[in-house]
Amino acid sequence: MSRKVDSRVLLWLFGFLVAPVTGCPAGCHCLERNGLMVVQCTSRNLEKIPEDLPRDTVVLLLAFNRITHIPKQAFKELNYLQELDLSHNVIETVDVGAFQGVSDSLLFLNLADNHIHSVPKEAFARLRAKISLSNNPWHCECTLQEVLRELQLDPETVNQVFCHTAVQEEYAGKPVIQVLDSGINFCNFHHKTTDVAMFVTMFGWFTMVIAYVIYYVRHNQEDARRHLEYLKSLPSSSQISKDFDTISTVL
């Protein structure tokens, strides 16, 4: 009899350790494992990140959904978050401050297999987590170079971060790290492009000013010519005096 009681107790304890947690977001499954909150929202057809996540979440799994955007402060209440999996979504944009509030606690961030082609320079500010950015259609340019300089990329997937497009077409299709390690500096190219654009803009304005001056001068010359012709067409003062004398004599 005691053995049966013991087995029931063990079953009850096991059920307590992995029991679903109340207050879990709709469509997700929340479990406590060894005192750590795990929120499982994988393959739930979610279109956005749930807002009512438990504050003590340590592991958040959001892979294989239809999330398109990571807004600012999306995880600001999750001060204990250590692992965040957002892989295999359709994420296109990551806002500045998206990971604000978890930059100190987060240890691993998975953004692989999404639709991200660029991110703001401050999107991953102060983030110390190991990050997977593989299999995204990255556009290799100055901002991406500056972002990657501050990140700790996952060494297992770092060679899967490719330039889908690039400011210099010859680097499209090549691993980003390989391009940067070869000494290529996209920021130098960016500055040259900016200088050329500025020169073209200034030349355009200068051309417009010159064209306006020429038009103004020609227009004034035409007005002046017409005014002179009008003055010439008027009778002279001597002629007016003679006509006046003639009229006086007749009278």
Side-chain angles (χ1 to χ4, degrees), residues 1-91 94-95 97-114 116 119 123-136 148 150-161:
M1 181 73 180
S2 59
R3 291 182 179 178
K4 291 183 179 180
V5 172
D6 291 342
S7 62
R8 289 177 182 178
V9 171
L10 290 173
L11 288 172
W12 180 83
L13 288 173
F14 179 78
F16 174 77
L17 289 174
V18 299
V21 178
T22 58
C24 193
C28 298
H29 190 55
C30 302
L31 299 173
E32 271 195 36
R33 294 177 181 171
N34 299 324
L36 303 179
M37 175 66 69
V38 178
V39 181
Q40 168 68 265
C41 304
T42 303
S43 301
R44 305 290 180 174
N45 287 321
L46 299 177
E47 296 183 356
K48 64 179 183 178
I49 297 168
E51 297 180 355
D52 52 347
L53 294 163
R55 292 193 176 188
D56 57 344
T57 300
V58 175
V59 178
L60 177 56
L61 307 176
L62 289 163
F64 293 97
N65 283 292
R66 295 186 293 166
I67 298 170
T68 61
H69 173 222
I70 305 179
K72 182 179 181 180
Q73 297 182 336
F75 313 99
K76 65 178 181 178
E77 303 293 339
L78 309 182
N79 297 323
Y80 303 99
L81 189 63
Q82 296 182 13
E83 181 179 342
L84 175 59
D85 188 356
L86 283 159
S87 63
H88 297 278
N89 277 276
V90 287
I91 297 170
V94 181
D95 285 354
F99 304 101
Q100 186 175 340
V102 299
S103 56
D104 292 329
S105 63
L106 198 62
L107 300 178
F108 184 73
L109 170 62
N110 193 348
L111 288 171
D113 296 279
N114 277 284
I116 309 170
V119 289
F124 303 109
R126 295 184 296 278
L127 202 61
R128 297 179 294 180
K130 196 175 292 183
I131 302 177
S132 176
L133 298 174
S134 60
N135 300 322
N136 280 281
L148 294 180
E150 303 296 326
L151 297 183
Q152 182 182 355
L153 294 180
D154 176 24
E156 295 183 4
T157 61
V158 66
N159 290 322
Q160 298 171 14
V161 183

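Everything numeric in this text was worked out from a predicted model, so none of it was measured. Index from 1, following the sequence.
- At least one donor-acceptor pair under 3.5 Å links the side chain of Ser105 to the backbone N or O of Leu81.
- Summarising the geometry, atom CG belonging to Leu148 is positioned 7.0 Å from atom CG belonging to Leu133; distances are rounded to the nearest 0.5 Å.
- Across every non-hydrogen atom of Ala98 and Phe75, the tightest pair is O-CD1, 3.6 Å.
- Within the 3.5 Å criterion, the main-chain N or O of Leu36 finds no donor-acceptor partner in the side chain of Asn34.
- For Asn89 (side chain) and Asn114 (main-chain N/O), no donor-acceptor pair under 3.5 Å exists by modelled atom type.
- Within the model, atoms CZ of Arg55 and CD of Glu77 stand 4.0 Å from one another, a figure rounded to the nearest 0.5 Å.
- To the nearest 0.5 Å, atom CG of residue Leu106 and atom CZ of residue Phe99 are 7.5 Å apart.
- The CG atom of Leu111 sits 5.0 Å away from the CD1 atom of Ile116 when rounded to the nearest 0.5 Å.
- Smallest separation of non-hydrogen atoms from Asn136 and Ala112: ND2-CA, 4.0 Å.
- Judged purely by atom type and a 3.5 angstrom limit, Arg128 uses its side chain to pair as donor or acceptor with the backbone of Asp104.
- The distance from the CG atom of Asp154 to the CD atom of Gln160 is 9.0 Å, given to the nearest 0.5 Å.
- Formation of a donor-acceptor pair under 3.5 Å by the Asp56 side chain with backbone atoms of Met37 is not found in this model.
- Interatomic distance, CG of Leu53 versus SG of Cys28, reported as 6.5 Å (0.5 Å rounding).
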Acceptor/donor pairs from residues 57-70 side chains to any protein atom, 3.5 angstrom cut, sequence neighbours excluded:
residue: Thr57; atom: OG1; partner: Pro54; partner atom: O; Å: 2.6
residue: Asn65; atom: OD1; partner: Arg44; partner atom: N; Å: 2.8
residue: Asn65; atom: OD1; partner: Asn45; partner atom: N; Å: 3.0
residue: Asn65; atom: OD1; partner: Leu46; partner atom: N; Å: 3.0
residue: Asn65; atom: ND2; partner: Cys41; partner atom: O; Å: 2.9
residue: Asn65; atom: ND2; partner: Leu62; partner atom: O; Å: 2.9
residue: Asn65; atom: ND2; partner: Ala63; partner atom: O; Å: 3.2
residue: Arg66; atom: NH2; partner: Glu47; partner atom: OE2; Å: 3.2
residue: His69; atom: NE2; partner: Asp95; partner atom: OD1; Å: 3.1
residue: His69; atom: NE2; partner: Asp95; partner atom: OD2; Å: 3.0

